[in-house]
Amino acid sequence: VLPAAAAALLTQAQVVANPGERFPEGARAETRALPDAWEGEADVRWYRLRLPPAEAGTPQALYVARACRELRVLLNDQVLWLGGAQSHCHRPLLLPLPAPLLQPGENRLDLRVRGEPRAQVGSRAQAGGLSAVAVGPQAELVPRHARALLLQVELPQALTVALGLMGGFLFVLGWRHRDQSHLAYFGALAMGWALVEGRRWLPPLAIDESAVEFLHGALLAFVTLAAV
């Protein structure tokens, strides 16, 4: 029995800045290396990648470690994923590739990424961009996705909840016992930091991203005040 083909890491894409719903055929595309971190460019980009031939009979999948902030995926002009307002700045994405959509030989993958340039956000982690993309046997990519999801989302989520609960308890304790008021400041610091980290996994707010960045910066100022 021949061993299954390993997943391929795609590190180059044809890139077009265009807000349309489909990849703009005929538009001048620029070849870029992945990962691609945005600096001062447009807030919507299309990435076109060519997939290597898939092994017949083996379920295939697509793994995207980071696509900040919103992502739409098309395979051979068929919509595969509509992320809506869900952020993938910290949340990795694993998508099975349906066999009926895969063509013999080379396949075309289009990814539409909407995000903010580095100059418009308070952290590089929130800036628009796309990581290298892995394509290959689903059985190989599932453990990779599960590990990244645990480290980047689930573990920080559990620690954030624990930190927020502990902070709330210490804040109430310090508020009720004024001779231990330092506990209230530490509790406020813990709750504030829990809210800062909550951005990794909380649903996006239904307001403009610039307002979110302003609130995030104000929250950091509150955390600093509580710390000192």
Side-chain angles (χ1 to χ4, degrees), residues 5 7-32 34-38 41-117 126-142 144-146 148-149 152-153 201 203-206 208-209:
L9 187 65
L10 308 180
T11 58
Q12 279 196 334
Q14 297 294 311
V15 183
V16 178
N18 189 289
E21 300 300 312
R22 299 272 176 174
F23 187 92
E25 302 291 349
R28 183 178 179 183
E30 176 185 2
T31 300
R32 288 215 175 193
L34 301 179
D36 180 25
W38 297 8
E41 295 88 349
D43 62 354
V44 179
R45 280 186 172 190
W46 279 97
Y47 294 82
R48 170 160 287 181
L49 302 97
R50 304 289 179 176
L51 305 187
E55 184 178 355
T58 302
Q60 301 290 303
L62 168 74
Y63 173 70
V64 183
R66 179 181 184 270
C68 193
R69 178 170 50 97
E70 299 174 13
L71 177 66
R72 174 181 299 179
V73 182
L74 288 81
L75 176 62
N76 295 324
D77 294 326
Q78 300 298 314
V79 176
L80 188 63
W81 171 261
L82 291 174
Q86 183 180 9
S87 173
H88 290 281
C89 294
H90 304 286
R91 180 180 293 273
L93 178 66
L94 180 70
L95 289 177
L97 300 179
L101 295 184
L102 292 172
Q103 301 173 355
E106 191 178 67
N107 290 272
R108 185 174 63 253
L109 185 71
D110 296 330
L111 296 92
R112 181 184 188 270
V113 180
R114 179 181 178 273
E116 285 73 33
Q126 297 300 130
L130 178 68
S131 67
V133 175
V135 179
Q138 186 172 337
E140 179 183 340
L141 295 176
V142 165
R144 185 187 305 186
H145 173 260
L149 190 66
Q152 295 173 210
V153 179
W201 50 273
L205 298 176
D208 186 73
E209 187 65 19

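- Here the straight-line distance linking atom CD of Q12 with atom OG1 of T31 works out to 6.5 Å at 0.5 Å rounding.
- When all heavy atoms of P24 and W46 are compared, the closest pair comes out as CD-CD1, 3.9 Å.
- Separating the CG atom in L9 from the OH atom in Y63 is a distance of 10.5 Å, to the nearest 0.5 Å.
- With sequence neighbours excluded, no residue satisfies side-chain hydrogen bond (donor to acceptor under 3.5 Å, both in side chains) with Q138.
- Once rounded to the nearest 0.5 Å, the distance linking CG of L10 with CG of L34 reads 8.0 Å.
- Residues satisfying the salt bridge (Lys or Arg N to Asp or Glu O under 4.0 Å) criterion with R48, sequence neighbours excluded, are E25, D110.
- The CZ atom of R114 sits 11.5 Å away from atom CZ of R72, with the distance rounded to the nearest 0.5 Å.
- When all heavy atoms of A29 and Q14 are compared, the closest pair comes out as CB-OE1, 3.7 Å.
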Decide side-chain contact (heavy atoms from CB on, under 4.5 Å) for L93 and W81; before the verdict, give the C-alpha distance in whole Å, the side-chain angles of both, and the deciding distance to 0.1 Å.
CA-CA 10 Å; L93 178 66; W81 171 261; 3.9 Å; yes
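- The backbone N or O of R108 sits less than 3.5 Å from a side-chain atom of N76, completing a donor-acceptor pair.
- In terms of heavy-atom proximity, A61 sits nearest to L94 at CB-CD1, 4.0 Å.
- Every side-chain hydrogen bond (donor to acceptor under 3.5 Å, both in side chains) that D36 has, sequence neighbours left out, goes to R32, R45, Y47.
- Shortest non-hydrogen contact noted between A127 and P117 is CB-C, 4.4 Å.
- Residues P35 and R66 form no side-chain contact, since every pair of their non-hydrogen atoms from C-beta on lies 4.5 Å or further apart.
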Go through V135 and L49 one step at a time and tell me if the side-chain contact (heavy atoms from CB on, under 4.5 Å) criterion holds.
CA-CA 11 Å; V135 179; L49 302 97; over 6 Å; no
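- Of all non-hydrogen atoms in V44 and P19, the two that sit nearest each other are CG1-CA, 3.7 Å.
- Within the model, atoms CG of L95 and CG of L62 stand 5.5 Å from one another, a figure rounded to the nearest 0.5 Å.
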Test L75 against L51 for side-chain contact (heavy atoms from CB on, under 4.5 Å), laying out the working first.
CA-CA 10 Å; L75 176 62; L51 305 187; 3.9 Å; yes
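- Under the 4.5 Å side-chain criterion, counting only non-hydrogen atoms from C-beta, R91 is in contact with L149.
- Considering CG of L101 and CG of N107, their distance stands at 9.0 Å, rounded to 0.5 Å.
- The main-chain N or O of V15 is never found under 3.5 Å from a side-chain atom of E30 such that the two would form a donor-acceptor pair.
- The two residues Q126 and C68 come nearest to each other via the heavy atoms O-SG, 3.4 Å.
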